Amino acid sequence: MASLNVGNLGEYLREQRRQAQLSLRQLAEAAGVSNPYLSQIERGLRKPSADILQQLAKALRISAETLYVQAGILDERDRDEVETRAVILADPSINERQKQVLLQIYESFRKENALDAPAEAGTDGTNGTDGTDGAVRADEEMPSKTTN
């Protein structure tokens with residue numbers, strides 16, 4: 001896990017707040033944190049928890065994962081997986097059971113691909129000794145059987 005980068009997080013939060021055209025007081029109220037605490041976070045004096053970052057992200061209408069990366073809680077390379085999960089969980093068009101099934105399928109594909117990656121790295125994708133995969137192309141005829 002990356003080290004906590006509080007200064008950059010505070011600057012990033014301030015910029016996001018300004019882009020959202022929110023005052024410090026408005027964001028603090030929307031996120032359910034005190035005005036002084038939010039001010040200290042923006043100035044890099046406080047290290048907010050993941051829960052506080054999630055509340056701030058919700059109030060700013062941005063991805064919590066983006067704030068986690070800014071804070072050093074989450075590595076950049078983990079972000080895609082987390083964001084995919086967040087999108088699935090936030091989708092209002094599917095019910096909770098469907099979301100859980102979809103997440104299970106997603107995770108099984110990720111695990112399967114992780115296991116296949118090392119095996120595929122050393123092969124050229126051919127099965128035959130002639131460099132082909134043994135399949136018959138559409139423009140080829142199947143060999144006919146001859147009987148004696």
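Note that the structure is a prediction, hence the values are computed from the model and not measured. In what follows, residues are counted from 1 in the order of the sequence shown. For the numbers below, each heavy atom of this structure counts, side chains included, while hydrogens, waters and symmetry mates do not.
To the nearest 0.5 Å, the span separating OG1 on Thr66 from CG on Leu53 amounts to 11.0 Å. In this structure, Ser63 OG and Lys58 NZ are separated by 14.0 Å, a value rounded to the nearest 0.5 Å.
In terms of heavy-atom proximity, Ala31 sits nearest to Leu56 at CB-CD2, 3.7 Å. Residues Lys47 and Tyr37 come closest through the heavy atom pair O-OH, 4.1 Å. A pairwise comparison of heavy atoms in Arg17 and Glu42 identifies NE-OE2, 2.7 Å as the closest pair. Pairing each heavy atom of Leu24 with each of Leu38, the nearest pair is O-CD2, 3.5 Å. Scanning both residues, Leu60 and Ala20, for their nearest heavy atoms gives CD2-CB, 4.3 Å. Across every non-hydrogen atom of Ala64 and Ala57, the tightest pair is CA-CB, 3.5 Å.
Gln70 places no side-chain N or O within 3.5 Å of a backbone atom of Leu9 that could act as its donor or acceptor partner.
For the pair Arg43/Arg14, a side-chain contact is recorded, criterion being any heavy-atom separation below 4.5 Å from C-beta on. You'll find the side chain of Ile41 reaches within 4.5 Å of the side chain of Ile52, heavy atoms only.
Linking Ile, Leu, Val, Met, Phe, Trp and Tyr whenever their side-chain heavy atoms come within less than 4.5 Å leaves Ile88 and Val101 in two separate clusters.
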Name every donor-acceptor pair, under 3.5 Å, that has one atom in a side chain of residues 105-112 and the other anywhere in the protein, sequence neighbours excluded.
{"from": "Glu107", "atom 1": "OE1", "to": "Arg85", "atom 2": "NH2", "distance (Å)": "2.3"}
{"from": "Ser108", "atom 1": "OG", "to": "Ile105", "atom 2": "O", "distance (Å)": "2.7"}
{"from": "Arg110", "atom 1": "NH2", "to": "Glu81", "atom 2": "OE1", "distance (Å)": "3.0"}

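A salt bridge links Lys99 with Glu96: at least one charged nitrogen is closer than 4.0 Å to a carboxylate oxygen.
Within 6.0 Å of the CD atom in Gln19, the count of heavy atoms belonging to other residues, nucleotides or ligands exceeds 12.
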Go through the steps to decide whether Leu102 and Asp91 satisfy the test side-chain contact (heavy atoms from CB on, under 4.5 Å), and finish with yes or no.
-> CA-CA 11 Å; Leu102 189 52; Asp91 189 336; over 6 Å; no

Would you sort out whether Leu67 and Leu13 count as a side-chain contact (heavy atoms from CB on, under 4.5 Å), showing the intermediate values?
-> CA-CA 8 Å; Leu67 291 183; Leu13 275 172; 3.8 Å; yes

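There is no side-chain donor-acceptor pair under 3.5 Å between Asp51 and Ser49.
Residues satisfying the side chain to side chain contact (heavy atoms under 4.5 Å, CB included) test with Glu29, not counting sequence neighbours, are none.
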